2 protein chains.
Amino acid sequence: MGRLADDEPDHFTPASLRVELVLLTVRDGRLAVLLVKRHSAPFQGCWALPGGGLGDHEDLDAASQRLLTLTTGLEHDPWHAEQLRSYVSAVPAQQTAGAAGSASERSDEQVSAQRSVSVAYMVFMPVGTDPAPGSAAEAFRWWAVDDLSDDGPVLAFDHASIIADAVDRCRSKLEYTTVAASFLQEPFTLGELRRIYENVWGVKLHHSNFARKLTSSPGYLVAEVDGSPGRATLYRRGSAQFVMPPIPRPVGE
Amino acid sequence: MGRLADDEPDHFTPASLRVELVLLTVRDGRLAVLLVKRHSAPFQGCWALPGGGLGDHEDLDAASQRLLTLTTGLEHDPWHAEQLRSYVSAVPAQQTAGAAGSASERSDEQVSAQRSVSVAYMVFMPVGTDPAPGSAAEAFRWWAVDDLSDDGPVLAFDHASIIADAVDRCRSKLEYTTVAASFLQEPFTLGELRRIYENVWGVKLHHSNFARKLTSSPGYLVAEVDGSPGRATLYRRGSAQFVMPPIPRPVGE
DNA sequence: ATAATAGTGTCTATGAGACAATATATT
DNA sequence: AATATATTGTCTCATAGACACTATTAT
């Protein structure tokens, strides 16, 4: 006990290391997350976040990008991806022991002692960009995040709390960063951008005040072709990463 | 390639799993972080964050609390602790191979193939709470975070970037949460709390406007004994976790 | 024609920032 | 007495929020 943590020889706790992707988009006017239906144990038939293990010489960011391409079939270029946080999920022993998964070289007791560390990444996908599953038989689906709370699909592992954390982070980030534009393909109009805020936050915003706020935020938007009253101006993203001062987020919801 | 990540049997990437603590406090009017001088390879003689491996049946939060007590010799009760993010640091092969550490049951090539996953936790310690090292020979020191950028100590692993992330997060959190009070022991005065903001942000705040803002923020502060003009009122923390609207942070620095 | 949307302008209420005045404790 | 600090009050300015008006496009 008197020994300090750092004095100890490096403690090689065995762990399986995975990256889980929380792909968010706006679909049918609602914030939505991409889920995959599992067809093997554990949690067979439940919905789960797409993810996978780390490659042998891969860091976390590289793995998240590889898995993103693997899942969506698309390059991630203009999208926003960031690490959310890590989760240690104890895989239920009976579930793991009964796994129908193939080539596991570990005995059951070793597997049950195994812990799983998932590093979650949050990725914003532009509206209308649908994933192209590599395996046609796979069941992909966008789920509105509001439908996950009650009477929704049964989620695997602790993915429900991962999604909740991602949604919280997403809604917060819209206030003080320019990531909302990551949900749109360029060029876009102020109305389209406003609907992103409205749908993600679940509020209604005044179009005139919104336009005044965003067009006066330095570096957020770059006008492409100028619009006279009645014609929507097209914008591309500017170089600013943050909005100062933040976009006020209505509290009443 | 056509296979989806989730189709794969669970990919047990071997990894050493550690928790690193970023203990922050305000000391001599500056934001400071607790570092430990390493006395064994790798990075012998460098300064590192206190940390340690996960116990066999421990989750991340439990490990961070255990290591906090182990490091500081104090219970963590009123303090603020939160997960920062995870880092995959490839331990340099030659450094690892030459490690003077004891009881490693792995061969050198196995060790060099080992990757290290560190989950960083950020903890706020009250002003004046000094850690009680368990081993007297150990070199603990508070370092002002501003002294780490240039001409500072040599930091082990990627701890410099972990600390930078924690400092950014800490400064941001002061804007929209009530965690600044975690740096103080109760009860405290508005002046003490203002100095926390000033020291962490490196700015000067107007005392009158600061008092008006914080005392009008619902649930942030609970007055203990009322003070007439000239006598400082003593406060304890209220139940509010967030400050709405956020405390404006001067930009000029 | 009607509705929906985009841009512009105006008014008001709120709150941040700056400053002054007073009261108390400390040296 | 002089200094530092805490509370209260006032003034100004920026801006969010609400609303009106006009122009254009879609149905």
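Everything quoted here is computed from the prediction, not taken from an experiment.
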TODO: Identify, residue by residue, the members of residues 183-195 of chain B with a heavy atom below 4.0 Å from DNA chain D, and return them in order of residue number, or none.
DONE: B:Leu190, B:Gly191, B:Arg194

Open item on the list: Short of 4.0 Å, heavy atom to strand atom, which residues of residues 205-214 of chain A count as contacting DNA chain D?
Closed with: A:His206, A:Ser208, A:Asn209, A:Arg212, A:Lys213

Taking atom types as modelled, find out whether [X] and [Y] have a side-chain donor-acceptor pair closer than 3.5 angstrom.
X	Y	answer
A:Arg85	B:Ser86	no
B:Ser172	B:Arg249	no
A:Thr189	A:Arg194	no

Task: Donor-acceptor under 3.5 Å (A:Thr129 side chain, A:Pro126 main chain) - done: yes

TODO: Pick out which of A:Leu35, A:Leu23, A:Val19 makes a side-chain contact (heavy atoms from CB on, under 4.5 Å) with A:Leu49.
DONE: A:Leu35

TODO: Report the nucleotide, chosen from C:dG7, C:dA16, D:dT7, that has the shortest atom-to-atom distance to any side-chain atom of B:Pro245.
DONE: C:dA16

Task: Candidate pair A:Ile163 and A:Leu155, rule side chain to side chain contact (heavy atoms under 4.5 Å, CB included), full reasoning - done: CA-CA 10 Å; A:Ile163 294 168; A:Leu155 298 186; 4.0 Å; yes

Task: Atom-to-atom span, NZ of A:Lys204 to C1' of C:dT5 - whole angstrom - done: 12 Å

Open item on the list: Could you check, using the six-membered ring where one of them is a Trp, whether B:Phe210 and B:Tyr197 have ring centers closer than 6.0 angstrom?
Closed with: yes

- [ ] Taking side-chain hydrogen bond (donor to acceptor under 3.5 Å, both in side chains) as the test, write out the residues that go with A:Asp165, two or more places apart.
- [x] A:Tyr87

